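Just so you know, residue 1 is the first one in the sequence shown, and it goes up from there. Source: prediction; values computed, not measured.
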Amino acid sequence: MKQVDYLVVGAGIAGLSAAARLARHGETLVCEAEDAPGVHSSGRSAAFAHFDMDAWLVRALTAASIPLFEAPGAQPHPALFVALAGQEDALDRLEANYREWAPHVRRLSVAAAQEHVPVLREGDGGIVGALLDLQARKLDAHAMLETHRKALVAAGGSVAAKAPVTALRHEGEGWIVDTPGASYAARVVVNAAGAWADTVAQMGGIAPLGITPLRRTVITFDVPVDVTGWPFTKTVGPGFYIEPEGSGRLLASPMDEGESAPCDAQPEEEDVALAAWRVEEATTLTVPRLASKWAGLRSFTPDRLPVAGFDRAAPGFFWLAGQGGFGLQTSPAMALAVEALVTSSAWPEELRAVGVTPQMLAAARLHAGAK
């Protein structure tokens with residue numbers, strides 16, 4: 001049986017970024033159920049770093065993360081947030097929230113927004129205002145995952161692919177983790193299993209946190225114009241987002257949240273149709289034929305905030321879960337938090353500077369009766 005210091009369950013962005021930092025402190029192994037990292041949520045994300053998130057904590061983690069992004073995983077690209085009729089108050093709130101972290105953001109008229117995205121409609125079904133962030137970041141999930149994998153390996157760590165956890169038990173001062181091909185003894189288990197986080201915990205007799213996987217649908221379609229310079233464009237309330245995928249193709253989502261069991265998510269036809277309809281309603285585009293379609297699971301805690309902390313009833317079991325739709329854009333800050341908490345190191349200055357404390361991320365807040 002191989003002995004490791006830190007065993008991370010799940011090679012999505014949360015697990016790999018945390019593992020790359022933990023490997024500096026001891027032998028680290030990542031167990032991934034699939035045959036490669038990032039097969040599920042991370043690899044299916046239309047990733048963008050911006051501040052259009054309801055929760056202050058997520059915005060603060062994003063602010064701490066943005067200076068830590070590196071090419072080729074992140075590239076500057078503008079983001080445009082548009083309000084449909086009835087979303088004026090949401091646009092005002094977004095502007096106020098945004099200016100706390102990005103005072104450079106600009107409020108735009110409809111005409112000014114159309115200079116950036118000429119297909120936006122005005123009037124019935126169209127937009128009534130917008131907010132522009134010229135310093136947002138387009139994220140490349142695969143490049144980010146590969147950067148962390150290489151850092152993990154360079155520090156002496158490794159990834160075991162096709163190694164789903166089949167059993168988990170506390171023994172002595174650590175944990176025994178069984179997979180189909182091998183068993184491991186670990187001082188600390190980091191549960192970064194995404195949609196399967198509660199399932200992994202329950203294998204070890206640990207109470208679940210109430211992680212809920214929500215399905216999100218994405219389509220791509222070709223357009224007859226060059227959209228390379230268009231910003232990532234998102235409604236500030238229910239609606240859609242679109243994002244350039246090369247010169248003549250757009251990616252779009254209806255921002256759906258369909259409840260799902262943990263699974264290899266597939267798009268449902270009504271959600272695919274909704275994505276196309278919402279784009280056609282608010283723009284002059286038509287979507288006659290899809291280039292591709294897919295779905296992914298975004299996993300949320302009951303309070304929709306991320307978790308990074310030890311389980312108070314299971315020594316050595318660390319939760320890293322509930323990243324929802326913001327896992328990639330908060331991963332640098334979350335990895336710093338995991339490194340500090342798991343190794344009992346000083347709380348990172350990057351998190352201290354934005355007001356994030358360990359208590360805000362603690363798992364204890366989600367257990368019944370937690371103080």
Closest heavy-atom contact between [X] and [Y]?
X	Y	value
G125	L84	O-CD2, 4.0 Å
N191	A197	ND2-O, 2.8 Å
L351	A64	CD2-CB, 4.0 Å
A136	A79	CB-CB, 3.7 Å
V110	V128	CG2-C, 3.5 Å
P302	G210	CD-O, 3.5 Å

Gap separating the [atom1] atom of [X] from the [atom2] atom of [Y], nearest 0.5 angstrom:
X	Y	atom1	atom2	value
D303	R365	CG	CZ	4.0 Å
L91	L131	CG	CG	6.0 Å
C31	K162	SG	NZ	15.0 Å
R121	E280	CZ	CD	9.0 Å
L61	S331	CG	OG	10.5 Å
L145	L16	CG	CG	6.0 Å

[X] side-chain N/O to [Y] backbone N/O, donor-acceptor pair under 3.5 Å:
X	Y	result
D256	T217	yes
T235	F240	yes
T147	A143	yes
R278	P254	yes
E350	P348	no
T283	L120	no
E32	A11	yes
Q114	V119	no
D198	I211	yes
S17	A14	yes

Does any part of the side chain of [Y], heavy atoms only, come nearer than 4.5 Å to the side chain of [X], both counted from C-beta?
X	Y	result
L251	I219	no
V190	L7	no
M334	E339	no
N97	W56	no
P306	T301	no
M203	V165	yes
Y6	L29	no

Sequence-distant partners of T343, side chain to side chain donor-acceptor pair (under 3.5 Å), two or more places apart: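 T343: side chain to side chain donor-acceptor pair (under 3.5 Å) contacts with S345.
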
K2 with E27: basic N within carboxylate O range, under 4.0 Å: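 The answer is yes: the pair qualifies as a salt bridge.
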
Pair E95 + R106, salt bridge at N-O below 4.0 Å: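 Answer for the salt bridge query: no.
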
M144/L139 under side-chain contact (heavy atoms from CB on, under 4.5 Å): CA gap, chis, key distance, verdict: CA-CA 8 Å; M144 291 174 67; L139 305 181; 4.0 Å; yes

L22/V188 under side-chain contact (heavy atoms from CB on, under 4.5 Å): CA gap, chis, key distance, verdict: CA-CA 11 Å; L22 290 174; V188 174; over 6 Å; no

Between S292 and T220: side-chain donor-acceptor atoms closer than 3.5 Å: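 T220 and S292 do have a side-chain donor-acceptor pair below 3.5 Å.
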
Stepwise salt bridge (Lys or Arg N to Asp or Glu O under 4.0 Å) check, R44 with D264: CA-CA 11 Å; R44 303 181 191 189; D264 180 8; 2.5 Å; yes

Does one hydrophobic cluster hold both [X] and [Y], with members joined at side-chain heavy-atom distances below 4.5 Å?
X	Y	value
F69	F51	yes
V105	I127	no
L361	V307	no
F48	V117	no
V159	I13	yes

Please list every donor-acceptor pair under 3.5 Å in which a side-chain atom of residues 318-329 meets a protein atom from a residue at least two apart or in another chain.
residue: W319; atom: NE1; partner: D311; partner atom: OD2; Å: 2.9
residue: Q329; atom: NE2; partner: H50; partner atom: O; Å: 2.9
residue: Q329; atom: NE2; partner: T62; partner atom: OG1; Å: 2.8

Listed once per pair and sorted, the salt bridge (charged side-chain N to carboxylate O under 4.0 Å, His left out) pairs that draw on residues 202-216, sequence neighbours left out: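 Sorted pair list: R215-E268, R215-D271.
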
Where at least one partner belongs to residues 167-176, residue pairs that pass salt bridge (charged side-chain N to carboxylate O under 4.0 Å, His left out), sequence neighbours excluded: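 Passing the test, one end in residues 167-176: R169-E171, R169-D178.
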
Which residues share a side chain to side chain contact (heavy atoms under 4.5 Å, CB included) with V225, sequence neighbours left out: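 If we apply the side chain to side chain contact (heavy atoms under 4.5 Å, CB included) test to V225, skipping adjacent residues, the hits are V223, V227, W230.
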
Test side-chain contact (heavy atoms from CB on, under 4.5 Å) applied to F232 and I242, step by step: CA-CA 6 Å; F232 168 82; I242 56 175; over 6 Å; no

Restricting to pairs with a member in [range], which pass ring pair (Phe, Tyr, Trp, His ring centres under 6.0 Å), not counting sequence neighbours?
range	value
residues 173-201	H40-W196, H170-W175, W175-F317
residues 117-147	none
residues 262-303	none
residues 341-360	none

From CA spacing to verdict: side-chain contact (heavy atoms from CB on, under 4.5 Å), T28, V4: CA-CA 6 Å; T28 302; V4 298; over 6 Å; no

Remaining members of hydrophobic cluster (4.5 Å side-chain criterion), L68: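 Members alongside L68: L336.
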
Residues clustered with M1, ILVMFWY side-chain links under 4.5 angstrom: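 For the cluster that includes M1, the remaining residues are I176.
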
Summary of side-chain hydrogen bond (donor to acceptor under 3.5 Å, both in side chains) pairs that have at least one residue in residues 126-138, sequence neighbours excluded: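 Residue pairs passing side-chain hydrogen bond (donor to acceptor under 3.5 Å, both in side chains), neighbours aside: Y98-D133, H104-D133, K138-E243.
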
